> 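Pasting in a structure now, in structure tokens, and then I'll have a few things to ask.
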Amino acid sequence: MRALKYLLVASSLIIAGCASQPSLPPPEFPGIEQSDKIVIHDQRPSSESEKKIFSLLVTSSAYAIYRMPDTATKPTGPRLLAHRAYETFPELGSQPTINVHHFVTYANLQSQLRKSSLLAGLTGPIGVAILSRQELPVGDVLTTRIDSSVFEKTAGGEEYTRAFFSAEENPEKSPVNLIYIDTEMLGQRIASRCLVPPIKDKPHLFLIEAMDMCITNHLALYRTDAVKETAAK
């Protein structure tokens, strides 16, 4: 029972540490009202905008995986996507519509929380609290194009697997965000998967900043796709 109490206290400490934001105000996006003309057709499953904790059981493969709600950021991910697309593609002026099939964010804290749970039984919550203040290994934001149909097959009971990563992507098993974006605009539909680890020189990264990085990379795929089509002609 004593070890269980330590585990519960430790988990709350770590989760609070990961959820806490820096004392600085969140980033603002001047001029975002200019992109109000862009019409967003939100075709996402309603669950993608809602918070979910997939499992609190340490032995579960879904342990410490979370789906982040739209309310976690201001603006929401789809709204920031529309604004960045407006800035990136002047041609949206004549086709001011974006179909958002998917925009969903997951947090994977498995390795960190499992390590903390083990230490809780050995050192108690004080030792875990000290560990939680240590700097996490940094990495690179990785964006890859994916197949929408394959992504959609993981809905339901397998949804938590969307937050998994490979050893090559995250060798240090740092806590990460996985952001999936699937949009249709300017006659093209593109889906992407974006992994955001701790970033160098940004010890406290706002979720909206992680989304912004992934949105930038996602929109770049439209340029890459256009170049390929031109070369094929």
Side-chain angles (χ1 to χ4, degrees), residues 6-24 26-27 51-68 72-73 77 104-146 151 154 158-181 192-218 220-221:
Y6 279 157
L7 171 58
L8 293 175
V9 173
S11 296
S12 65
L13 282 170
I14 294 296
I15 292 172
C18 291
S20 64
Q21 297 284 8
S23 57
L24 296 173
K51 178 181 178 180
K52 182 170 182 176
I53 300 173
F54 287 93
S55 178
L56 295 174
L57 184 64
V58 178
T59 55
S60 169
S61 58
Y63 173 66
I65 290 177
Y66 309 85
R67 188 201 305 129
M68 309 302 291
T73 64
V104 60
T105 300
Y106 301 95
N108 185 335
L109 310 180
Q110 277 189 355
S111 182
Q112 187 182 19
L113 292 189
R114 279 185 173 143
K115 184 185 300 182
S116 303
S117 300
L118 176 62
L119 285 175
L122 301 174
T123 66
I126 294 177
V128 173
I130 292 173
L131 175 67
S132 70
R133 296 192 185 100
Q134 294 182 356
E135 291 187 3
L136 296 167
V138 299
D140 298 320
V141 177
L142 303 175
T143 300
T144 53
R145 187 166 180 173
I146 61 172
F151 170 77
T154 58
E158 298 298 312
E159 183 184 357
Y160 70 92
T161 62
R162 296 172 178 176
F164 287 0
F165 50 78
S166 68
E168 290 182 352
E169 291 176 317
N170 187 15
E172 301 296 337
K173 297 183 179 180
S174 296
V176 294
N177 283 125
L178 273 298
I179 300 176
Y180 291 85
I181 306 174
S192 66
R193 171 185 179 273
C194 182
L195 182 146
V196 185
I199 303 296
K200 185 178 180 180
D201 299 327
K202 282 186 173 289
H204 298 285
L205 185 73
F206 281 99
L207 180 57
I208 193 65
E209 293 179 293
M211 287 181 176
D212 202 11
M213 295 174 185
C214 292
I215 288 170
T216 298
N217 291 350
H218 178 79
L221 294 174

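Being a predicted model, the structure only gives us computed values, none of them experimental.
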> Before giving the answer on side chain to side chain contact (heavy atoms under 4.5 Å, CB included), spell out for Ser192 and Arg145 the whole-Å C-alpha distance, their side-chain angles and the decisive distance to 0.1 Å.
CA-CA 4 Å; Ser192 66; Arg145 187 166 180 173; 5.6 Å; no

> How close do Ala72 and Leu207 get, counting heavy atoms only, and between which atoms?
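Reported closest heavy-atom pair: CB-CD2, 4.0 Å.
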
> Given Arg193 and Leu178, is the side chain to side chain contact (heavy atoms under 4.5 Å, CB included) satisfied, shown in steps?
CA-CA 7 Å; Arg193 171 185 179 273; Leu178 273 298; 3.5 Å; yes

> Taking only residues two or more places apart in sequence, or in another chain, which ones meet Thr154 in a side-chain hydrogen bond (donor to acceptor under 3.5 Å, both in side chains)?
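Checked Thr154 against side-chain hydrogen bond (donor to acceptor under 3.5 Å, both in side chains); matches are Arg162.
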
> Could you go through Phe151 and Tyr180, starting from their C-alpha distance and side-chain angles, then the distance that decides it, and tell me whether this counts as ring-ring contact (aromatic ring centres under 6.0 Å, His included)?
CA-CA 9 Å; Phe151 170 77; Tyr180 291 85; 4.8 Å; yes

> Give the minimum heavy-atom separation between Pro175 and Pro198, together with the two atoms involved.
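Heavy atoms only, the tightest pair is O-CD, 3.4 Å.
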
> List in chain and number order the residues that pass side chain to side chain contact (heavy atoms under 4.5 Å, CB included) with Thr59, two or more places apart in sequence or in another chain; answer none if no residue qualifies.
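With neighbours one apart ignored, the set is Leu57.
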
> When rounded to the nearest 0.5 angstrom, what is the spacing between CG in Leu142 and OG in Ser166?
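That separation rounds to 8.5 Å.
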
> Would you please name every residue forming a side-chain hydrogen bond (donor to acceptor under 3.5 Å, both in side chains) with Tyr160, sequence neighbours left out?
Ser61

> Looking at CD1 of Ile179 and CE of Met68, how far apart are the two atoms once the value is rounded to the nearest 0.5 Å?
10.0 Å

> I need the Phe54 CZ to Thr161 OG1 distance, nearest 0.5 Å.
9.0 Å

> Go through Val141 and Ile199 one step at a time and tell me if the side chain to side chain contact (heavy atoms under 4.5 Å, CB included) criterion holds.
CA-CA 8 Å; Val141 177; Ile199 303 296; 3.7 Å; yes

> Could you check whether any side-chain N or O of Asn108 sits under 3.5 Å from a backbone N or O of Gln110, counting only pairs where one atom can act as donor and the other as acceptor?
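Here the side-chain-to-backbone pair exists.
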
> Show every donor-acceptor pair shorter than 3.5 Å between a side-chain atom in residues 208-215 and any protein atom, with sequence neighbours excluded, or say none if there are none.
residue, atom, partner, partner atom, Å
Glu209, OE1, Phe206, N, 2.9
Glu209, OE2, Lys202, NZ, 3.2
Asp212, OD1, Arg84, NE, 2.9
Asp212, OD2, Arg84, NH2, 2.9

> Does the Asn177 side chain pair with the main chain of Tyr106, one donor and one acceptor, at a distance under 3.5 Å?
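Side chain of Asn177 to backbone of Tyr106, a donor-acceptor pair under 3.5 Å: yes, one is there.
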
> If you round to the nearest 0.5 Å, how far is OG1 of Thr143 from CG of Leu221?
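Rounded to the nearest 0.5 Å, the CG-OG1 separation comes out at 7.0 Å.
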
> My understanding is that only residues two or more places apart in sequence, or in another chain, count here; which of them pass side-chain hydrogen bond (donor to acceptor under 3.5 Å, both in side chains) with Asn170?
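Here no residue qualifies.
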
> Filter on salt bridge (charged side-chain N to carboxylate O under 4.0 Å, His left out), then keep only pairs touching residues 54-65, sequence neighbours left out; what's left?
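Sorted pair list comes back empty.
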
> If you measure from CD1 on Ile146 to OG1 on Thr144, what distance do you get to the nearest 0.5 Å?
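Ile146 CD1 to Thr144 OG1: 7.0 Å, rounded to 0.5 Å.
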
> Atom OG in Ser111, atom CZ in Phe165: separation rounded to 0.5 Å?
6.5 Å

> With Thr73, which residues qualify under side-chain hydrogen bond (donor to acceptor under 3.5 Å, both in side chains), at least two apart?
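For Thr73 there are no side-chain hydrogen bond (donor to acceptor under 3.5 Å, both in side chains) partners, ignoring immediate neighbours.
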
